[in-house]
Amino acid sequence: MAHHDHLAQLSAELADEGKLEALTEQAMFWSAATSNERAGIVAEIGSRGELQRLQDGLAAALEFHERSAAMFRDALQQIREAE
């Protein structure tokens with residue numbers, strides 16, 4: 001149950017002020033950016049002193065999605081085994 005509790009905590013933290021949606025948009029923008037655009041993004045965020053905050057947010061979103069995927073994988077496997 002600790003796994004579920006940690007996932008719920010991450011979900012609550014990321015739901016605050018739409019953080020998960022904002023981080024998803026930022027990751028999508030980053031993926032579509034050219035190398036030059038990425039350098040500009042890092043420079044801009046760094047100049048505002050928010051680079052570590054962005055990295056922490058993306059790491060939390062990644063952990064949330066990995067834990068969610070594991071939960072769905074486990075549930076699907078258990079349902080298939082129960083058939």
Side-chain angles (χ1 to χ4, degrees):
M1 193 56 110
H3 176 77
H4 180 268
D5 293 342
H6 189 69
L7 184 61
Q9 179 185 357
L10 274 172
S11 178
E13 290 171 7
L14 290 168
D16 183 39
E17 300 173 17
K19 287 179 186 171
L20 187 57
E21 291 82 11
L23 288 163
T24 300
E25 288 176 17
Q26 290 169 340
M28 290 172 66
F29 183 77
W30 177 267
S31 295
T34 65
S35 296
N36 287 340
E37 290 171 330
R38 288 177 178 181
I41 293 167
V42 169
E44 179 186 335
I45 294 170
S47 72
R48 294 188 311 223
E50 296 183 359
L51 193 55
Q52 187 61 51
R53 181 174 171 241
L54 175 60
Q55 291 174 352
D56 292 345
L58 290 170
L62 174 62
E63 182 180 358
F64 171 77
H65 284 297
E66 287 175 340
R67 287 178 178 268
S68 294
M71 178 187 65
F72 287 117
R73 230 181 344 269
D74 291 348
L76 181 58
Q77 181 181 354
Q78 290 169 7
I79 290 168
R80 287 178 174 163
E81 289 172 357
E83 289 183 308

(message) Using the side-chain contact (heavy atoms from CB on, under 4.5 Å) criterion, which residues pair with Ser11? Sequence neighbours excluded.
(response) Phe64

(message) Looking at every heavy atom in both Gly57 and Leu14, which two are closest together, and how far apart are they?
(response) O-CD2, 4.5 Å

(message) With rounding to the nearest 0.5 angstrom, report the CD to CG distance, Glu25 to Leu20.
(response) 10.5 Å

(message) Would you compute the distance between atom OG of Ser47 and atom CD of Glu44 and round it to the nearest 0.5 angstrom?
(response) 6.0 Å

(request) Rounded to the nearest 0.5 Å, what's the gap from CG on Asp74 to CD1 on Ile79? Could you check? (result) 11.0 Å

(request) Can you see which heavy atom on Ala33 is nearest to which on Ile41, and at what distance? (result) CB-CD1, 4.3 Å

(request) For Arg38, look at atom CZ and say whether over 12 heavy atoms of other residues, nucleotides or ligands are found less than 6.0 Å away. (result) yes

(message) Measuring from atom CZ of Arg73 to atom CD of Glu66, what distance do you get when rounded to the nearest 0.5 angstrom?
(response) 9.0 Å

(message) Quick check on Arg48: does its CZ atom have over 12 non-hydrogen neighbours (other residues, nucleotides or ligands) under 6.0 Å away?
(response) yes

(request) Write down the atom of Glu13, the atom of Lys19, and the distance for their closest heavy-atom approach. (result) O-CD, 3.6 Å

(request) Locate the shortest heavy-atom distance separating Leu23 from Ala61; write the atom from each residue and the value. (result) CD1-CB, 4.2 Å

(request) Heavy atoms only: give me the nearest Leu51-Gly46 pair and the separation to one decimal. (result) CB-CA, 4.3 Å

(request) Please round to the nearest 0.5 Å and tell me the distance separating atom CD of Glu63 and atom OG of Ser68. (result) 10.0 Å

(request) Decide whether Gln52 and Asp56 meet the rule of one side-chain donor and one side-chain acceptor closer than 3.5 Å. (result) yes

(request) Check whether Leu62 and Leu54 end up in the same hydrophobic cluster, where Ile, Leu, Val, Met, Phe, Trp and Tyr are linked by side-chain heavy atoms less than 4.5 Å apart. (result) no

